[in-house]
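Below, all heavy atoms of this structure are taken into account, side chains as well, without hydrogens, waters or symmetry copies. In each ligand, atom 1 is the first atom listed, and ligand 1 is the first ligand listed.
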Amino acid sequence: MQVERTAPPVLWTNTIFLGLAHAVAAYAVVHLFWIGVSPWTLALAGLWFVLCGLGITGGYHRLFAHRTFRASAPVRLLALLFGAASVQNSALDWAADHRQHHNRADKHDDPYSIHHGFWWAHMGWVMHQGPTAQKRGVHDLERDPLVVWQDRYYGWIALAMGAVLPTSLGLLWGDPLGAFLIAGFLRLVLQWHATFAINSFTHRFGSRPYDPQSTARDSWWTALVTFGEGYHNFHHRFPTDYRNGVRWYHFDPTKWTVWTLSRVGLTKELRRTPRERIRSARDKASAA
Ligand SMILES: [Zn+2]
Ligand SMILES: [Zn+2]
């Protein structure tokens, strides 16, 4: 069901930046295949894609927005630095939007409701004044000085971690332009669409083994590009679980990273939904 409504006002800063970043990323593809880049640049882009991706999935999403585990200061700092490099807002703003998405899922004030259309859920909501702009149900996070620091200097941190640092690293092997284009902007745009796919594709395509009423769905192929976030029906049913891919064969590198860090004492209090509750939800969903 798509809800008809008048389009909210355009956020021109976001819209222009999104457009410019896509233009630079398109040029980066031309540069990559016509001019070529150092293999070190490709390795850097891959590393940045993984670290920035985990900054969002393990940091912004499962740690800050849902508090599904606790993390030591160095882990929180890294998540905030690489999360900023993903240019998806500060952790505080991201968590505010995301908590609203869960609390008001599929209602008119869900900031990225699929009921406003596939395009809106994918990236239209980033380009318009959303319903959560004035609401910040994130007072618990405001007690973390690292989160507050990242919120205050978000723009500078995003610039430093997303563009200046990869470009400077490219200088080490004589390819700063390639690093700027590929590890900076092509990586950024690919990562945006991976994140956006959770709000669009996994609210439209996939299975609903835990909650047939929700628009959120489980989709293994979006899990592949989002470090495990594609098991979205499970996640909406059990949002306080640090796992999204709950079965051993589910591809959920975010879960594996959080678990591995817990083995060396860098994360703790990983929250899991009791097995019986999960089984009961599955049984109810399959009987529905
Ligand atoms: Zn969702
Ligand atoms: Zn969530």
Side-chain angles (χ1 to χ4, degrees), residues 1-3 53-69 71 79 83 86 88-126 130-132 135-138 140-141 192-223 225-246 250 252-255 257-258 270-273 278 281 285:
M1 177 186 68
Q2 189 158 330
V3 176
L54 289 173
I56 293 295
T57 63
Y60 275 33
H61 187 214
R62 301 192 202 183
L63 175 62
F64 296 118
H66 291 297
R67 311 292 298 267
T68 65
F69 62 95
S86 306
Q88 298 181 16
N89 254 336
S90 71
L92 212 52
D93 284 333
W94 199 103
D97 280 339
H98 193 71
R99 287 178 182 184
Q100 178 101 347
H101 170 63
H102 277 269
N103 293 338
R104 305 294 301 158
D106 301 331
K107 308 268 190 334
H108 72 94
D109 47 354
D110 170 355
Y112 18 95
S113 171
I114 194 71
H115 291 318
H116 296 322
F118 188 87
W119 166 253
W120 175 268
H122 192 71
M123 58 191 291
W125 73 277
V126 183
T132 60
K135 299 175 190 161
R136 290 165 72 94
V138 285
D140 56 314
L141 296 177
W192 274 343
H193 287 289
T195 304
F196 297 160
I198 298 299
N199 303 326
S200 55
F201 284 91
T202 58
H203 274 271
R204 184 152 290 174
F205 306 109
S207 60
R208 290 185 275 195
Y210 302 97
D211 183 359
Q213 308 301 325
S214 169
T215 60
R217 292 157 193 253
D218 279 9
S219 152
W220 62 268
W221 60 270
T222 46
V225 292
T226 56
F227 305 106
E229 304 276 79
Y231 304 100
H232 208 53
N233 188 254
F234 177 85
H235 174 61
H236 268 262
R237 182 68 183 78
F238 301 111
T240 55
D241 197 312
Y242 88 99
R243 308 161 297 179
N244 277 15
V246 72
H250 285 163
D252 190 353
T254 304
K255 171 183 75 176
T257 305
V258 172
L270 279 49
R271 295 168 72 182
R272 291 182 185 81
T273 312
I278 297 174

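Counting only distance, with no hydrogens or angles, the side chain of S113 and the backbone of D110 share no donor-acceptor pair below 3.5 Å.
Legend: residues meeting side-chain contact (heavy atoms from CB on, under 4.5 Å) with N89, ordered by chain and number and at least two apart, are D93, Y154.
Looking at R99, H98, R271 one by one, the single match for side chain to side chain donor-acceptor pair (under 3.5 Å) with H66 turns out to be H98.
In summary, the aromatic rings of H203 and H115 are positioned with their centroids too far apart to meet the 6.0 Å limit. Aromatic ring centres of F196 and F201: separated by at least 6.0 Å.
Here the protein contributes H61 NE2, H66 NE2, H98 NE2, H102 NE2, H235 NE2 as N, O or S atoms under 2.8 Å from the Zn ion (ligand 2).
F238 and Y210 have perpendicular rings, their planes meeting at more than 60° on a 0 to 90° scale where under 30° would count as parallel.
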